Amino acid sequence: MGSDTIKQGPSRAPHRALLSALGITEAEMKRPFIGVVNSKSDYVPGHQHLGEIGEAVKAGIRNAGGVPFEFQTIGVCDGLAMNHSGMKYSLASRELIADSIEVMIQAHPMDALVMIPNCDKVVPGMMMAACRLNIPTLMVSGGPMAPGRMSDGRRVGLSEVFEAVGKHSAGQLSEAALKEFEEKACPGCGSCSGMYTANSMNCLTEALGLGLPGNGTIPANSAARKRLAKMAGERIMELLAENRRPRDILTMQSFRNALRTEMALGCSTNTVLHLPAIAHEAGLELELDMIDELGHTTPQLCILNPASSTFIEDVGMHGGVMSVMKELSKAGLIDGSVRAVGDRCLADILEKYEGADGEVIHTIEKPYRKEGGIAILKGNLAIDGAVVKQGAVVPEMMDFEGRARVYESEEQATAAIMAEKILAGDVVVIRYEGPKGGPGMQEMLTPTAALVGQGLGSSVALITDGRFSGATRGAAIGHVSPEAAAGGLIGLIEEGDRIHIDIPNRKLELLVSEDEIEKRRKNWKGAPDRGFGGYLARYASMVTSANQGAVLRKP
């Protein structure tokens, strides 16, 4: 066992003395040491209750004969970090989370791990660490928040609050009505209630095989969530006995299953950053072309908030992620031979699930959309690719040509939108917000939600080398690669240029002659200096492009 490094032999007497200071008994010294990695925080609603989840996990570990040791990681709430300089740290925190877990486990050897994330970058950060360390690991999230309920009976999530801000700025919503959204949209702890990034990634832990069935959809404030956590603590001891490790589970077949599930669920575009980064740590490569190929051949079976009034809790009530995968398997789109943290192969696990109910989870025969929820666009504006959540784009914006309105930052664009300077037929361009240029690739729910709130969701598009919240809807195209700071064409767009977005044919084009582009390139003065030092400066010097998952280069 890994923990024997500090427990076995006369030379380890000092180590055992320190462990004894923790109250570890002689009998416990002989048992497996299990790390419990928790992102509990009093400042993040998705993480506030994770102490209870941690206690349930530790109880399960003790039930099965292990000795649990809990420690914590940081965790950024993208909602609280939104629309100010704190958002530059969100994606960058993913690497810090992975690194900090590596440091703790290498310095204090454990035999296995249970990881307890909930919000956006914590889930992939922990999975990246799991692949890097490659000791038996299981993920158990804190579960989704319930949707809020307005006085008129409508269910709402956080995205509706951002859109309400846009309506209020346009004079279409009163202060009192905005206040009701503020007070009722987030009724308690848990990851935000729609198919945003946190719930997307927690659902995909199941599809990848690192989370037990129900991990993505069982509500945060439920006894079932605590039981799942306790089961995870017990199951990790079995994984240790079987010596089943993350890289045994996270094969290319598992990633393909996860990508098809992503397409069927209509997940956040951020998953296209995180899955390649996790695969990279597992020694695999997920290319955007492969992701798009799976999107072309996988139907979208769920249409969830923010694209509809159906929430993640509704998916859970109808069988959850396993039922979605069961429906996909009917068409041969899921490889059932893969092994998961469950005790059988995936095909055996899916046997006890029903499949589609036909309403929340559509059938293969009558999908919501014949293609998946995410599309990869290419063209002279995105030679290396760009990403759009096509499942949340209205039909009239699927093929759109408009006039460029160019902004050098999210803040500039948001100010223009709030001042009602954006008109129907415009394409808002927000640049120098990529992984390197931002730095940190800001998530832009504020401008996209404001456009929808002002009634421009069916007549205005937005493109950026930054990224979007899973709560974004509309013709919002992100992850434009190469980014402006790396010399990408998005940095050469001028006010009034024509831009063509053709989602069905996967095209993103700047309609300017090659001669004019070359002239502009010679006059390009480079990326603006954002003036950040410390961690963000180091991050910017090492981060790769969004199409590579924005992982850090090795020195």
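The structure displayed is predicted, hence computed values, not measured ones.
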Would you give the length of the straight line joining atom CD of Glu262 to atom CD1 of Ile291, rounded to the nearest 0.5 angstrom?
7.0 Å

More than 12 foreign heavy atoms under 6.0 Å from NZ of Lys226: is that the case here?
no

Please tell me if the side chains of Ile249 and Leu208 come closer than 4.5 Å, counting only heavy atoms from C-beta onward.
no

Pair Asn83, Gln442: side-chain N/O donor-acceptor within cut-off below 3.5 Å:
no

Got a donor-acceptor contact below 3.5 angstrom from the Ser200 side chain to the Ser268 backbone?
yes

Considering only heavy atoms from C-beta outward, does the side chain of Gln106 approach that of Glu102 to under 4.5 Å?
yes

So CD1 of Ile101 and CE of Met126: to nearest 0.5 Å the spacing works out to 5.0 Å

Please give me the minimum heavy-atom distance between Ile116 and Gly54, naming the atom from each residue.
CD1-CA, 3.5 Å

If the condition is salt bridge (Lys or Arg N to Asp or Glu O under 4.0 Å), which residues does Glu182 pass it with, not counting sequence neighbours?
Lys179

State which residues pass salt bridge (Lys or Arg N to Asp or Glu O under 4.0 Å) with Glu95; sequence neighbours excluded, sorted by chain then number.
none

Just by distance, do the side chain of Asn547 and the backbone of Gly385 share a donor-acceptor pair under 3.5 Å?
no

Strictly by ring pair (Phe, Tyr, Trp, His ring centres under 6.0 Å), give each pair with a member in residues 33-54 just once, sequence neighbours left out.
Phe33-Phe69

Scan side-chain atoms only and decide if Ser169 and Gln454 contain a donor-acceptor pair under the 3.5 Å cut-off.
yes

Among Thr269, Thr197, Asn270, which one satisfies side chain to side chain donor-acceptor pair (under 3.5 Å) with Arg467?
Asn270

Exam field: side chain Gln300 to backbone Ala264, donor-acceptor pair closer than 3.5 Å
no

Within this structure, what is the CE-OG1 distance for the pair Met322 and Thr217, rounded to the nearest 0.5 Å?
9.0 Å

Could you check whether any side-chain heavy atom of Lys230 comes within less than 4.5 Å of a side-chain heavy atom of Val57, counting everything from C-beta outward?
no

To the nearest 0.5 Å, atom OG1 of Thr251 lies from atom CG of Asn257 at 8.0 Å

Applying side-chain contact (heavy atoms from CB on, under 4.5 Å), run through Arg473 and Glu163 and close with a yes or a no.
CA-CA 10 Å; Arg473 61 185 173 120; Glu163 291 174 11; 2.9 Å; yes

When you measure from the side chain of Arg530 to the backbone N and O of Tyr432, does any donor-acceptor pair fall under 3.5 Å?
yes

Taking ring pair (Phe, Tyr, Trp, His ring centres under 6.0 Å) as the test, write out the residues that go with Tyr89, two or more places apart.
none

Output the distance between atom OG1 (Thr261) and atom CG (Leu294), rounded to the nearest 0.5 Å.
10.5 Å

Could you pull out all residues at least two apart from Arg245 that satisfy salt bridge (Lys or Arg N to Asp or Glu O under 4.0 Å)?
none

Tell me whether Asn199 contacts the main-chain N or O of Gly194 through its side chain, where contact means a donor paired with an acceptor under 3.5 Å.
yes

So, the side chain of Glu483 versus the backbone of Lys436: is there a donor-acceptor pair under 3.5 Å, distance only?
yes

Under the side-chain contact (heavy atoms from CB on, under 4.5 Å) rule, what do Tyr407 and Val429 come out as? Steps first, then yes or no, please.
CA-CA 6 Å; Tyr407 301 95; Val429 177; over 6 Å; no

Less than 3.5 Å apart, any donor N or O on the side chain of His168 or Glu175 sitting next to an acceptor on the other?
yes

Check whether any side-chain heavy atom of Leu552 sits under 4.5 Å from a side-chain heavy atom of Thr544, and report yes or no.
no

Minimum heavy-atom separation for Asn202 and Asn118, please, with both atom names.
ND2-O, 3.1 Å

Supply the atom-to-atom distance Met441 CE to Leu273 CG, rounded to the nearest 0.5 angstrom.
4.5 Å

With side chains defined as the heavy atoms from C-beta onward, is the minimum distance between Ile74 and Val122 less than 4.5 Å?
no

Correct closest heavy-atom pair for Ile53 and Ser141 would be CG2-O, 4.4 Å

Can you find a pair of side-chain heavy atoms, one from Val37 and one from Val114, that are under 4.5 Å apart?
no

Quick check against the 3.5 Å criterion: does Asp292 have a side-chain atom that pairs as donor or acceptor with the backbone of Ile376?
yes

Taking the side chain from Glu160 and the backbone from Val156, do they hold a donor-acceptor pair closer than 3.5 Å?
no

Going through the distances and angles, do Ile463 and Val428 end up as a side-chain contact (heavy atoms from CB on, under 4.5 Å)?
CA-CA 6 Å; Ile463 69 169; Val428 177; over 6 Å; no

Given the options Leu158, Leu445, Asp120, Tyr196 meets side chain to side chain contact (heavy atoms under 4.5 Å, CB included) only with Leu158

Heavy-atom donor-acceptor pair, Glu206 side chain to Asn215 backbone, under 3.5 Å
yes

Test side-chain contact (heavy atoms from CB on, under 4.5 Å) on Leu210 and Leu138 and set out the steps.
CA-CA 5 Å; Leu210 279 187; Leu138 193 154; over 6 Å; no

Taking C-beta and beyond as the side chain, do Val406 and Arg431 meet within less than 4.5 Å on heavy atoms?
yes

For Leu288 and Asp384, work out which heavy atoms get closest and say how close.
CD1-O, 3.4 Å

Does Glu411 have any salt bridge (Lys or Arg N to Asp or Glu O under 4.0 Å) partners at least two apart in sequence or in another chain, and if so, which?
none

Considering non-hydrogen atoms only, spot the tightest contact between Ala450 and Ile417 and give its length.
CB-CG2, 3.7 Å

Is there side-chain contact between Asp465 and Ser481, with at least one heavy-atom pair below 4.5 Å?
no

Looking only at heavy atoms, which two atoms of Phe311 and Leu304 are closest? And how far apart?
O-CD2, 4.2 Å

Electrostatic pair Arg132-Asp99, nearest N-O below 4.0 angstrom
yes

Verdict with reasoning, Ser409 to Glu433, per side-chain hydrogen bond (donor to acceptor under 3.5 Å, both in side chains):
CA-CA 7 Å; Ser409 68; Glu433 293 289 11; 4.8 Å; no

Checking Arg154 side chain against Ser309 main chain: does a donor-acceptor pair fall under 3.5 Å?
no

